Amino acid sequence: MDIHEYQAKELLSKFGVPIPRGGLAYSPEQATYRASELGGTVVVKAQIHSGARGKAGGIKVCKTEGEIESAAEFLLGRKLVTHQTGPAGKLVSRLYIEEATNIDREIYLGFVMDRASERVMVIASAAGGMDIEEISAKQPDTIIRVSVDPAVGMQQFQAREIAFGLGVDPEIVNKLVPAIMGCYRAFRDLDAMMVEINPLVITKEKQVVALDAKMSFDENALFRRPHIAELRDKSQEDPRETYASDRGLAYVGLDGDIGCIVNGAGLAMATLDMIKLAGGEPANFLDIGGGASPERVTKSFRAVLRDKNVKAILVNVFAGINRCDWVAKGVVDAIKELNITMPVVVRLSGTNAEEGRKIIDQSGLTVISAETLADAAKKSVTAAKNAA
């Protein structure tokens, strides 16, 4: 789960990370009022779940009330398109009005989970800002990487090594170390998957300030972080994924036209690969999980059908904990209840597979059966092309 910049800053500030003063605005009038509270030059920032907002025109420096109102009028209600959002963009429904900062130097600082080492990895660069992706690609040797032992957590000496590695003045080191440690504690204590500050700036007044912040969280841990779960902004999410998530389904939307309903994440990934190999494009990843009831299968069909690009549906079940007869009943119920007319390909294997096939055969419905995953993928690709 991602959150907005202003939310990430508020969380990080509670862990001792310095941030500029700022306030939220939902209208041009609120924007000018927030700016009057701050005084002086301000920065009007569009709040969307994406980076590269500056390059897309989503961040504007304003000196007068007229400039602030004009910037707010321009941004609010607009779909901001960045290289991270794709061509669809994301709707700007709120702005963050922040005091301008007298920047002397920009630094990149990030915390992510490194699954290879099963540790938190701290990534830092002396060259932060909008071009960090290019620097990482062209000058990888300039990136500082520090692994944190989960048994002892991040230590002060590691933060100092990062600070000295960034080449900051000695007087700045003692201000930079608490910011680094604060980010780590926030990452650890809030079950975060990523904490990124780009840029972490050193001002001309020799202060360290987080000028931007991004945080994402492990959704499986939100049950124990209700105050984090409340920060979710569904308007920034794929509506297909939001619908499925609210119904307990593991769903990821893709750009193809073959809807997939599969049990097990590994089998679901293999199904996507087989569809691609057969010359088709999957519309989604959907894992119905083990022990799926007919009602859950129907919910899965509803989730898949919310994608208007879907032209065929592939149900692929290898039952262990699950039961093929349950799934088959769910398929029959869904087709009848939802009046599905598009092609449905079903491959059942494992526990009660024969019983499942009988339920489908005796239903009187036009369902395309498949014996193997490869066969199911080919038939679903053919069905989708013919439906087009």
Side-chain angles (χ1 to χ4, degrees), residues 1-2 48-52 79-91 115 193-194 216 218-220 232-289 292 296-318 327 330-331 334 338 340-347 368 370 373-388:
M1 185 190 83
D2 296 326
I48 61 170
H49 289 175
S50 174
K79 282 199 171 182
L80 201 63
V81 178
T82 74
H83 72 271
Q84 294 183 11
T85 65
K90 288 186 181 291
L91 182 67
R115 297 188 183 278
M193 298 293 289
M194 180 195 72
S216 61
D218 183 353
E219 292 186 2
N220 294 316
R232 182 181 181 186
D233 182 359
K234 292 183 179 180
S235 71
Q236 295 292 305
E237 301 174 359
D238 185 326
R240 299 173 299 172
E241 296 180 7
T242 302
Y243 178 89
S245 175
D246 289 345
R247 287 152 184 82
L249 299 171
Y251 179 104
V252 178
L254 302 172
D255 297 327
D257 56 7
I258 300 173
C260 302
I261 299 175
V262 191
N263 72 311
L267 184 59
M269 294 298 291
T271 302
L272 303 188
D273 289 343
M274 290 303 292
I275 290 173
K276 293 280 287 186
L277 192 62
E281 292 291 337
N284 64 274
F285 165 102
L286 196 159
D287 173 15
I288 61 174
R296 187 173 177 83
V297 175
T298 301
K299 287 181 181 179
S300 299
F301 269 89
R302 288 184 185 274
V304 169
L305 291 171
R306 289 181 68 84
D307 186 343
K308 302 305 180 184
N309 293 323
V310 171
K311 297 173 182 175
I313 298 175
L314 169 57
V315 180
N316 181 26
V317 173
F318 189 91
V327 174
V331 171
L338 304 177
I340 297 173
T341 57
M342 70 177 61
V344 177
V345 180
V346 178
R347 179 246 181 174
I368 303 170
L373 173 53
D375 184 37
K378 290 178 182 177
K379 287 180 176 179
S380 64
V381 170
T382 301
K385 289 180 179 178
N386 292 338

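Treat the numbers as computed from the prediction; the structure is a model and nothing was measured. Just so you know, these numbers use all the heavy atoms, side chains as well, and skip hydrogens, waters and symmetry mates.
Atom CD of Q84 sits about 10.0 Å away from atom NZ of K90, to the nearest 0.5 Å. Of the inter-residue distances, the one linking L267 atom CG with D287 atom CG reads 9.0 Å to the nearest 0.5 angstrom. From I48, atom CD1 reaches atom CG of D233 across 11.0 Å, with rounding to the nearest 0.5 Å. To the nearest 0.5 Å, atom CE of residue M194 and atom OG of residue S216 are 4.0 Å apart. Atom CD1 of I288 and atom NZ of K299 lie 12.5 Å apart (nearest 0.5 Å).
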TODO: List the steps and the verdict of side-chain contact (heavy atoms from CB on, under 4.5 Å) for R347 and D375.
DONE: CA-CA 9 Å; R347 179 246 181 174; D375 184 37; over 6 Å; no
Open item on the list: Working note: R296 + L249, criterion side-chain contact (heavy atoms from CB on, under 4.5 Å); need CA distance, chi angles, decisive distance, verdict.
Closed with: CA-CA 9 Å; R296 187 173 177 83; L249 299 171; 3.7 Å; yes
Open item on the list: What verdict does the side-chain contact (heavy atoms from CB on, under 4.5 Å) test give for N284 and D307, after you've listed the backbone C-alpha separation in whole Å, the side-chain angles of each residue and the deciding distance to 0.1 Å?
Closed with: CA-CA 9 Å; N284 64 274; D307 186 343; 5.9 Å; no
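Counted within 6.0 Å of CE on M269, heavy atoms from surrounding residues, nucleotides or ligands total 12 or fewer; the atom is thus considered open. Counting heavy atoms of neighbouring residues, nucleotides and ligands inside a 6.0 Å radius, atom CG of D218 exceeds 12 of them. More than 12 heavy atoms of other residues, nucleotides or ligands lie within 6.0 Å of NZ in K379, so this atom counts as buried by the packing criterion.
Inter-residue side-chain proximity for L305 and I313 is flagged as met; some heavy-atom pair is nearer than 4.5 Å. Considering only heavy atoms from C-beta on, F318 stays 4.5 Å or farther from L373 through its side chain. Considering only heavy atoms from C-beta on, L91 stays 4.5 Å or farther from S235 through its side chain. Side-chain contact between M342 and V310: present, with at least one pair of heavy atoms (C-beta onward) separated by less than 4.5 Å. In this structure the side chain of S245 never reaches within 4.5 angstrom of the side chain of M1, judged on heavy atoms. Side-chain atoms of L272 and L254, non-hydrogen and from C-beta on, do get closer than 4.5 Å to each other.
The side-chain hydrogen bond (donor to acceptor under 3.5 Å, both in side chains) search around T242 returns E237, not counting sequence neighbours.
Defined by atom type and a distance below 3.5 Å, a donor-acceptor pair is missing between the side-chain atoms of S50 and T85.
Closest non-hydrogen pair, V81 versus G89, comes out as CG2-CA, 3.9 Å. Nearest heavy-atom pair across Y251 and A244 is CB-CB, 3.3 Å. In this structure, T271 and C260 approach most closely via the heavy-atom pair CG2-SG, 4.5 Å. Among all heavy-atom pairs drawn from A268 and F285, the shortest one is CB-CE1, 3.4 Å. The shortest non-hydrogen separation linking I340 to A334 is CD1-O, 3.9 Å. Contact between A52 and T82 at its shortest, heavy atoms only, is O-CG2, 3.7 Å.
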Just list the side-chain donor-acceptor pairs under 3.5 Å for residues 273-281, sequence neighbours left out, or say none.
| unit_1 | atom_1 | unit_2 | atom_2 | d |
| --- | --- | --- | --- | --- |
| K276 | NZ | E281 | OE1 | 3.2 |
| K276 | NZ | E281 | OE2 | 3.0 |

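By the 4.0 Å N-to-carboxylate-O rule, R302 lies too far from D246 to be salt-bridged with it.
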